[in-house]
Colleague: 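One structure is given below, represented as structure tokens, and several questions about it will come after.
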2 protein chains.
Amino acid sequence: MIKIDPTSFIPLYEQVQTGLRREIALGALKPGATLPSIRDLATALLINPNTVARAYGDLERDGLITTRKGRGCFVSEDSGTMPERDKIKRLDGLFEAAIQDARKAGADPSEIRRVFEDRLRSVFAEHGKRRTS
Amino acid sequence: MIKIDPTSFIPLYEQVQTGLRREIALGALKPGATLPSIRDLATALLINPNTVARAYGDLERDGLITTRKGRGCFVSEDSGTMPERDKIKRLDGLFEAAIQDARKAGADPSEIRRVFEDRLRSVFAEHGKRRTS
DNA sequence: ATTACTGTATTAATAATATAATACAGTATT
DNA sequence: AATACTGTATTATATTATTAATACAGTAAT
């Protein structure tokens, strides 16, 4: 099963998410498969059920899993339609290349992140706002 | 002069930073030029001087500007030595391409960000930890 | 030395985020 | 309907990040 590092600065729910994404992408969790229940996984990972619930919620929002109250959570049938899986693999490649280039150019992570976030915003223009004032 | 969006979820100091980086990269602020004083810029942008100070501090840490107590802040002489400027332009291009591809593939921003952060971490492996326990 | 500017440092208030405790609600089996 | 599982919602707490208030210190001109 997936593993998490409680001493990492990466939020637990993200670690859980990433782990599951990987298992789904790699086919270890096939379409239709039942995911471990929120409580079970939480117990196994020694974290709070809500933390797992959040990870599951994000995965559902992304269409990777579906959830049925009282029944459980299941890997989406179309999660293996490949577009998703291939997409992630391709994205991985794209960014790996860009980041490697950036590093070679002498850029540090925060600098790279800044450039990335800038581009992301300009490409997707118009997103979340806060502070209604 | 640069503009900021106080309703954005992006921190003010980052917006200031990004704006100045752009002006420097594009040559609107040439090497040796005097930047607006911290207080002046803060007043103009209707934000707290400390917020501008933080942005300036980050820029200095990155060698883009130099600061002389009591005198003011100046664009570094070597900020136009091109490595920095070209680097940013190249990075911009790299990520713009990757992000455009990702968008075309149907990925949403959070998904793209996730892939990016994953790759960033793996490329730069070994960084900050927290929670000494 | 006074004035009027510079940037800097300390500390406090606020907002955002991550995690947890706990109670709620649905489903299935008996 | 009772039990024992599911996921969900509400609320509280701790931590971190962001912004602000304020006092400090350097430079230069008068």
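Below, each value reflects all heavy atoms present in this structure, side chains not excepted, and no hydrogens, waters or symmetry copies. Chain A is the first sequence line, chain B the second, and so forth, proteins listed ahead of strands; every chain is numbered from 1.
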Colleague: Could you tell me the separation between the OH atom of B:Tyr13 and the C1' atom of D:dA17, rounded to a whole number of Å?
Modeller: 7 Å
Colleague: Looking at A:Thr67, does any N or O in its side chain come under 4.0 Å of the phosphate oxygens OP1/OP2 on D:dG7?
Modeller: no
Colleague: Measure the distance from CD1 on A:Ile10 to P on C:dA18 and round it to the nearest whole Å.
Modeller: 12 Å
Colleague: Closest heavy-atom contact between B:Leu45 and B:Ile2?
Modeller: CD2-O, 3.8 Å
Colleague: Taking salt bridge (charged side-chain N to carboxylate O under 4.0 Å, His left out) as the definition, give me every residue that meets it alongside A:Arg22, ordered by chain and number, with sequence neighbours left out.
Modeller: B:Asp118
Colleague: Is the positively charged end of B:Arg54 above the ring of B:Tyr13, judged by distance under 6.0 angstrom from the centroid and angle within 45° of the axis?
Modeller: yes
Colleague: Would you kindly give the CG-to-C1' distance between A:Leu12 and C:dT17, to the nearest whole Å?
Modeller: 13 Å
Colleague: By a strict heavy-atom criterion of less than 4.0 Å, which residues belonging to residues 40-59 of chain A are in contact with DNA chain D?
Modeller: A:Asp40, A:Asn50
Colleague: Please evaluate residues B:Leu41 and B:Tyr56 with respect to the criterion side chain to side chain contact (heavy atoms under 4.5 Å, CB included), reporting the C-alpha separation (whole Å), side-chain torsions for both, the decisive distance (0.1 Å), and the verdict.
Modeller: CA-CA 11 Å; B:Leu41 186 52; B:Tyr56 278 24; 3.6 Å; yes
Colleague: Please state how far atom CD1 in B:Ile38 lies from atom P in D:dT22, giving the value in whole angstrom units.
Modeller: 18 Å
Colleague: Would you mind telling me which of B:Asn48, B:Thr51, B:Leu46 makes a side chain to side chain contact (heavy atoms under 4.5 Å, CB included) with B:Leu12?
Modeller: B:Thr51
Colleague: Do any N or O atoms of the protein come closer than 3.5 Å to N or O atoms of nucleotides 24-30 of chain D, and which pairs are they?
Modeller:
none

Colleague: Angle between ring planes, B:Phe95 versus B:Phe116, binned at 30° and 60°: parallel, tilted or perpendicular?
Modeller: perpendicular
Colleague: Rounded to whole angstroms, how far apart are CD on B:Gln15 and P on D:dA17?
Modeller: 19 Å
Colleague: Work out which heavy atom in A:Gln15 is nearest to a heavy atom in A:Ser8; give both atom names and the distance.
Modeller: NE2-CB, 3.7 Å
Colleague: Is the shortest side-chain heavy-atom distance between B:Ile47 and B:Val16 below 4.5 Å?
Modeller: yes
